[in-house]
2 protein chains.
Amino acid sequence: MLTEERHQLIRDRLAADGKVLAGELASRFGVSEDTVRRDLRELAKAGQLRRVYGGAVPSGPFAAAPLSQRSRHAVEEKTRLAKAAVALLGAGQSLFIDGGTTNEAIARAIPRDMELTVATNSLGVASALTDLPLVELIVLGGRYMPDLGTCVGTDTLAAVAQLGADLFFLGSCGLDITRGVTAFDSAEAEVKRAMARNSAGIVIAVTNDKLATAAPYRVAEADAIRHLVVERSAPPATLADFQSRGVQVHFA
Amino acid sequence: MLTEERHQLIRDRLAADGKVLAGELASRFGVSEDTVRRDLRELAKAGQLRRVYGGAVPSGPFAAAPLSQRSRHAVEEKTRLAKAAVALLGAGQSLFIDGGTTNEAIARAIPRDMELTVATNSLGVASALTDLPLVELIVLGGRYMPDLGTCVGTDTLAAVAQLGADLFFLGSCGLDITRGVTAFDSAEAEVKRAMARNSAGIVIAVTNDKLATAAPYRVAEADAIRHLVVERSAPPATLADFQSRGVQVHFA
DNA sequence: TTGTTTCTTGCATGAACAGGCAAAACATGC
DNA sequence: GCATGTTTTGCCTGTTCATGCAAGAAACAA
């Protein structure tokens, strides 16, 4: 049996059943489990499935919640980033928080006894904040974008324009020293720009994979960032570039 | 059974039922309760649910009340009401949905293949609709009221004023034949009035305990209601009063 | 309060895993 | 045909992960 033949059958089964088991595939194909694991590893590297312990599940649109695609490691990593980011907060401050899983982790990391005013266009962030008794929550409405988990559009922009904040937690973007902060969507970028305009300082918390990447739409220059929260394992050369632009770097 | 598979099933059940019990999941999956508890802990850490004693509830506004306060009967009752209410919908319609647990149940009961445009000021309703691919969701922002689970205020009113809907699902209110529809909060009532003004028909789904009760703030007259969805055990005398005012009564 | 249920933590076990290695299958050049 | 290099595959080794069990802590109920 050809390698490519197996790959195709794995894709088919995954589409049909919603999951595959390594052992089951091995006996079905008449090869060792090691070979199947290698197949799954390659397909996962190509983004055609998501590897899980014991087998694999579909990636992309099949998985209901975008969150479910995040690996366990990424969750812990983002939780660490979130704790470090929350340490930048002072009682009584007002914040803009936009979308992204890292920002949701930050929202969850805010302690219950902290008094804040938070305006967000992310439903995930808003949900996380509803439990906090001392947070005054302002929801920035608008057209909801399922892919982003945030509201965008003229209604959102109008709501942002009426507010101001001490800090803006800018999330889920590309970050590059020359291109600055960039976003994947035009409407999303517009909201981010409005929030940046109306806040005194920008905070960005990113995992390593976001560093030194860029997306089509520009949001802000690199030197507009006040605080950058990164993993301990972030490449020092990249960080030095940002520091030379006046960005304060914090390690999670 | 894959760990990821269990996680997905837990998410599904949570979305469908509004709660899950650790012991029930353990016997359903054929694993120990410890494993289920670990699953729930991980999902909670990822923000996909909220852990409570004995099981878990959806994260965000759903979880406002502890599990013990949401009796099993009420959940099932509201699910039945929701199914009957959803039967009133037609494809392609536009809706206002405001807050309340019954309206959240209605949002969860909307089938995946129904095309709708929904504007809501309830974070719970919005969260329930994010999974539906064919629903265009418009979030009505504003100041978030933790007790109500909805946004209110001038921003909300302004957003409502720009929209129109075929139906308005009016929730969590008192209902009385002489005083009409009433609400417990002034700002909440104002938003409800605005939604009523801009929609062609009002739908109210209530459990028996809401019938023949009144709250301070008036929202609409009894004869402004087009559809009233009630339990089968609702008192016929009360229903007859409403029917004489031109209200169509539907049984769950 | 007392008693019961549920929860967390630590630990042991077995399954699943990644990486290295060597044999087999295959292709390529002479 | 033979030699060479590449790819694929299976096996081995140590490591990681998921799970269940047990003990103590915490939350709930009476």
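In this text, all values refer to a predicted model and were calculated from it rather than measured experimentally. Hydrogens, waters and symmetry mates play no part in the numbers below; they use all other heavy atoms, side chains included. So you know, we letter chains A, B, ... as the sequences are listed, proteins then strands, and number each from 1.
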Trainee: Could you tell me how far apart A:L21 (CG) and C:dC17 (P) are, to the nearest whole angstrom?
Mentor: 10 Å
Trainee: Please pick, from C:dT6, C:dA16, D:dG20, the nucleotide with the shortest atom-to-atom distance to any side-chain atom of B:T35.
Mentor: D:dG20
Trainee: Has A:R6 got a side-chain N or O lying under 4.0 Å from the OP1 or OP2 atom of D:dT9?
Mentor: yes
Trainee: Cut-off 3.5 Å, side chains only: do B:N208 and B:S233 have a donor facing an acceptor?
Mentor: yes
Trainee: To the nearest angstrom, how far is B:R38 atom CZ from C:dC7 atom P?
Mentor: 13 Å
Trainee: Would you indicate whether A:R11, at its atom CZ, is surrounded by more than 12 heavy atoms from other residues, nucleotides or ligands within a distance under 6.0 Å?
Mentor: yes
Trainee: Does OP1 or OP2 of C:dG19 have a side-chain N or O of A:R41 closer than 4.0 Å?
Mentor: yes
Trainee: What is the distance, rounded to the nearest whole Å, between atom CD of B:E24 and atom C1' of C:dT6?
Mentor: 16 Å
Trainee: Rounding to an integer number of Å, can you tell me how far A:L2 CG sits from C:dA25 P?
Mentor: 15 Å
Trainee: Specify the residue among A:D34 and A:D39 whose closest nucleotide of DNA chain D lies further upstream toward the 5′ end.
Mentor: A:D39
Trainee: Rounded to whole angstrom units, what separation is found between the CZ atom of A:R37 and the P atom of D:dC17?
Mentor: 15 Å
Trainee: To the nearest Å, how far apart are B:E42 CD and C:dT9 P?
Mentor: 13 Å
Trainee: Given C:dA16, C:dG20, D:dT19, identify the nucleotide with an atom nearest to the side chain of A:Y53.
Mentor: C:dA16
Trainee: Pick from A:K45, A:R13, A:R51, A:R6: which one makes a salt bridge (Lys or Arg N to Asp or Glu O under 4.0 Å) with A:D39?
Mentor: A:R6
Trainee: Taking only side-chain nitrogens and oxygens of A:T3, does any of them come within less than 4.0 Å of OP1 or OP2 of D:dT9?
Mentor: yes
Trainee: I want to check one thing: is the phosphate of C:dC17, taken as OP1 and OP2, less than 4.0 Å away from some side-chain N or O of A:R51?
Mentor: yes
Trainee: Can you check the B:E4 CD to D:dC17 C1' distance for me, whole Å?
Mentor: 15 Å
Trainee: What is the separation between atom CD on B:E5 and atom C1' on D:dA18, rounded to the nearest whole Å?
Mentor: 15 Å
Trainee: Counting any heavy atom closer than 4.0 Å, what does B:V36 reach on the DNA or RNA strands: base, sugar-phosphate only, or nothing?
Mentor: nothing
Trainee: Out of curiosity, A:L123 CG to A:M145 CE, how far, rounded to the nearest 0.5 Å?
Mentor: 12.5 Å
Trainee: For A:R50, is there an ion pair with B:E4 - N to carboxylate O distance below 4.0 angstrom?
Mentor: yes
